[in-house]
Amino acid sequence: MKHDRGMSLWVVAWKRLNKNTGAVIGLAVLVILVLMALAAPWITAFDPTAQIVEYGVKPAGFKGPVILMKNAAEPDRPKMRAVQSYRTVRDSVFYVDPAGVEYRVHASSLVGTGPEDWYREPTFILGTDKLGRDLFARLVYGARVSLTVGLISESIALAIGILLGALAGYFRGWVDDVVMWSANVMWSFPSILLVLAFSIIVGQGFWQTFVAIGISSWVEIARIVRGQFFGIREQEYVTATQAFGFGTLRVMFRHMLPNAAGPIIVLSTAGFATAIIAEASLSFIGLGVQPPTPSWGHMIHDSIGYVTIGTNWGMLLWPCFFMAAAVLSVNVFGDGLRDAFDPRTSQR
Amino acid sequence: MLSFLLRKILYSILVLVGVVIVTFFIRPPGDPARVILGQRADEQSLVALRKKMGLDQPIPIQIAYYFGGLVTGDLGKSTATERDVVETIAERFPATALLASTAMIMATILGILIGLIASSRPNTWLDSAVMSISLTGISLPAFVVGLLLVLFFGVALNWFPNSGYVDRGAAHLFLPMLTLAIRPLSIIARVTRASMLDVLGSDFVRTARAKGLTETSVFVRHALRNALNPVVTTISAWFAGLLAGTFFVEYIFNWPGIGLLAFNAIEKLDFPMIQGTVLFTSVIFVLVNIIADLLYAVVDPKVRLQ
């Protein structure tokens with residue numbers, strides 16, 4: 001059947017969303033963060049994992065002269081040496097490190113042919129972390145981890161939650177009992193402890209973190225889908241599809257699921273934000289994405305000892321700010337979505 | 001009522017069984033004996049340790065042993081300190097309970113107060129300021145809030161100590177308590193505001209106003225009493241969560257409770273202790289929720305029929 005007049009749920013929702021200033025701002029911030037994550041190598045010339053230990057914990061705007069030495073293992077990533085000054089004598093280069101000690105290297109072990117190739121004076125616009133890595137580069141690249149976690153973990157949670165919720169809501173009986181029992185077991189763990197437990201069980205690393213967060217976040221989705229399916233199954237069109245002889249799976253996922261889409265979408269934005277926090281929390285403990293991969297949670301943890309001393313406060317404030325921006329924008333956008341999909345909210 | 005009670009308790013036991021099974025699997029991936037002894041351990045000591053830990057048995061038997069230990073109050077010994085897990089947890093619990101209960105009291109009082117203030121001036125700058133701040137409070141994880149509070153009150157203003165337990169002065173309680181309270185406080189404030197606005201729009205409030213009662217009397221004696229129901233639900237739901245929330249807060253403020261214990265256990269890969277703390281927190285979580293459910297059934301007869 002086609003809609004003869006009026007608008008579909010989606011068009012109505014989109015129109016309502018557009019009128020909600022908060023939601024539009026949230027969406028805009030989110031888009032900026034996504035672009036930042038995608039365009040990270042073009043936004044910053046720094047390698048987020050390259051260390052210059054001598055330049056650790058420097059304030060914003062710090063200029064740190066370096067010479068670039070050839071790196072046999074990874075030719076694309078020259079080793080950086082912090083220098084105060086340098087002089088060339090024939091084919092030797094003498095450089096003074098920040099401690100005032102002079103070293104001599106052969107010109108052939110440096111990148112390129114002359115000082116214009118191997119001498120740099122980069123500006124660390126937000127300063128450096130404790131290992132002398134560029135804070136800004138780590139923030140920008142950190143967005144990749146956070147947003148990927150949100151996306152992948154939430155997809156895993158959605159897949160499990162929709163499947164189990166649909167099965168429970170459609171078949172009821174013992175299937176429902178088993179699903180609800182497992183949901184209640186998961187529910188009995190305070191959320192952070194559950195993520196933690198799974199992360200210990202599946203191990204640490206990039207993909208493991210996604211899986212740990214994903215398998216601990218499906219409960220809410222399963223509950224909602226189950227509730228929706230309870231109601232939808234009683235409707236006549238479902239009886240009709242069954243009368244046509246359609247297979248159970250086809251009825252469930254082609255005909256029933258689209259009618260439960262609104263609440264699922266709303267829940268998954270909330271889950272996206274929760275996943276970002278979960279990843280940051282895990283990384284904060286040291287169980288999440290492993291160093292040197294930049295992660296906001298890890299950056300926050302690294303700043304702890306330095307904050308109380310009062311050196312580069314940006315080490316704490318910037319990752320907190322970026323995380324707050326990501327989580328808040330997702331939440332505000334999600335609130336807007338909820339209002340947009342809720343038929344009870346009056347159209348203004 | 002009795003059959004409701006019985007069903008509720010039986011089901012909770014069934015759920016707790018699931019909780020124990022999940023907790024059982026918190027162990028190093030692969031061979032736990034090898035993780036504990038290291039890669040260079042010889043086969044003989046590996047076999048000995050596996051036997052000592054019961055790892056040579058099939059998984060269901062191991063789970064049964066785990067249950068057996070649990071029933072007799074034995075959760076094993078810490079692999080890092082050789083101390084009894086149950087004993088250590090009992091020793092650390094008062095610190096966590098102190099932090100969680102004071103934070104909850106603070107969140108309840110301030111949350112209701114702030115919610116009331118916001119609902120008395122709906123859609124003004126004050127209202128939107130309160131709501132935006134509370135949204136931020138809900139969105140940020142405890143460790144971010146805690147560190148920002150340390151930076152502001154501890155380092156910049158130097159009003160409160162940055163870390164440590166109350167045995168070094170009651171002022172040590174303030175920052176961890178505030179950190180832990182912020183999330184439930186924000187939620188209670190929002191729920192109170194929404195519930196108040198709902199009630200303030202109802203007919204009986206209009207009648208009360210028509211009778212010529214003062215605005216304060218309408219607000220406190222008539223509206224607030226009716227608006228508190230969802231607030232009480234929120235508070236009871238959050239109390240259980242608070243115990244778990246102490247996890248990061250205790251770490252940041254070096255507060256010697258269950259959370260810090262768990263944190264240190266994770267750093268040292270002390271699995272019996274990790275299992276013990278996770279299990280303990282989850283069981284408390286379940287128990288508090290059951291009590292909240294039961295109280296709710298006492299208050300509201302409709303719940304019993306479900």
Side-chain angles (χ1 to χ4, degrees), chain A residues 22 177 180-194 196-204 208 216 273-274 276-287 296-297 300-301 303-304 307-310 313 315-317 319-321 323-332 335, chain B residues 11-12 14-23 25-30 132 135-136 138-148 150-151 154-156 162-163 240-248 251-252 259 262-263 266-267 269 271 274-275 277-279 281-287 289:
Chain A
D177 288 340
M180 286 320 282
W181 175 76
S182 5
N184 280 320
V185 169
M186 306 279 275
W187 207 254
S188 302
F189 290 93
S191 56
I192 180 63
L193 285 189
L194 190 66
L196 205 119
F198 278 121
S199 130
I200 292 174
I201 294 171
V202 299
Q204 283 83 57
Q208 286 91 329
S216 42
T274 317
I276 292 178
I277 291 184
E279 183 277 322
S281 310
L282 279 182
S283 299
F284 183 85
I285 306 170
L287 286 178
W296 295 337
I300 292 171
H301 183 265
S303 74
I304 288 183
V307 167
T308 41
I309 306 171
W313 283 6
M315 279 173 71
L316 169 65
L317 292 180
C320 286
F321 173 77
M323 199 162 83
V327 173
L328 268 174
S329 60
V330 175
N331 277 343
V332 172
D335 277 356
Chain B
Y11 192 72
S12 307
L14 212 60
V15 167
L16 280 176
V17 168
V19 169
V20 175
I21 293 175
V22 174
T23 316
F25 282 104
I26 303 179
R27 44 161 74 195
S132 320
L135 183 66
T136 318
I138 293 170
S139 299
L140 291 182
F143 61 92
V144 170
V145 173
L147 287 171
L148 292 178
V150 167
L151 188 61
V155 179
N162 291 333
S163 75
L242 261 195
L243 282 174
T246 57
F247 197 83
F248 289 103
Y251 174 74
I252 289 169
F263 220 112
I266 290 170
E267 280 173 347
L269 293 177
F271 287 97
I274 300 175
Q275 288 179 327
T277 46
V278 169
L279 193 61
T281 317
S282 308
V283 169
I284 297 252
F285 194 71
V286 174
L287 289 181
N289 279 331

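Note on naming: letters A, B, ... go to the chains in the order of the sequence lines (proteins, then strands), and numbering restarts at 1 for each one.
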* **pair Cys320(A)-Ile300(A): side-chain heavy atoms closer than 4.5 Å** => yes
* Would you say Leu148(B) and Leu317(A) make side-chain contact, with heavy atoms under 4.5 Å? -> yes
* Asked: Hey, mind stepping through Val17(B) and Ile21(B) against side chain to side chain contact (heavy atoms under 4.5 Å, CB included) and telling me if it holds?
  -> CA-CA 6 Å; Val17(B) 168; Ile21(B) 293 175; 4.1 Å; yes
* Hey, which of Phe143(B), Phe25(B), Tyr251(B), Tyr11(B) has the most heavy atom pairs under 4.5 Å with chain A? -> Phe143(B)
* To do: Report the relative orientation of the aromatic rings in Phe263(B) and Phe248(B); use parallel for angles under 30°, tilted for 30 to 60°, perpendicular for over 60°.
  => perpendicular
* **Close side-chain approach of Ile304(A) and Leu147(B), heavy atoms under 4.5 Å** => yes
* To do: Name the region of Asn184(A), side chain, backbone, both or neither, that has any atom closer than 4.5 Å to a heavy atom of chain B.
  => both
* Asked: What heavy-atom pair brings Trp296(A) and Pro319(A) nearest, and what distance separates the two atoms?
  -> O-CB, 3.9 Å
* Asked: Considering only heavy atoms, which portion of Ile276(A) lies under 4.5 Å from any heavy atom of chain B: side chain, backbone, both, or neither?
  -> neither
* Asked: When heavy-atom pairs shorter than 4.5 Å are enumerated against chain A, which of Ala262(B), Pro141(B), Ala142(B) gives the highest number?
  -> Pro141(B)
* Which of Thr277(B), Val22(B), Ile252(B) touches chain A most, by non-hydrogen pairs under 4.5 Å -> Val22(B)
* Top of Leu140(B), Thr136(B), Ile266(B) for chain A proximity - count of heavy-atom pairs under 4.5 angstrom -> Ile266(B)
* To do: Could you tell me which portion of Ile26(B) (side chain, backbone, both or neither) has an atom closer than 4.5 angstrom to a non-hydrogen atom of chain A?
  => both
* Heavy-atom proximity to chain A below 4.5 Å, by part of Ile274(B) -> side chain
* Backbone of Ser199(A) reached by a side-chain donor or acceptor of Gln208(A) within 3.5 Å -> no
* **Side chain / backbone / both / neither for Ala280(A) at chain B, heavy atoms under 4.5 Å** => both
* Structural part of Ala273(A) lying under 4.5 Å from a heavy atom of chain B -> neither
* Between Trp181(A) (side chain) and Leu14(B) (backbone), is there a donor-acceptor pair under 3.5 Å? -> yes
* Asked: If you count heavy-atom pairs under 4.5 Å between each of Thr274(A), Leu196(A), Val330(A) and chain B, which one has the most?
  -> Leu196(A)
* Under a 4.5 Å heavy-atom cut-off, does chain A meet the side chain of Leu269(B), its backbone, both or neither? -> neither
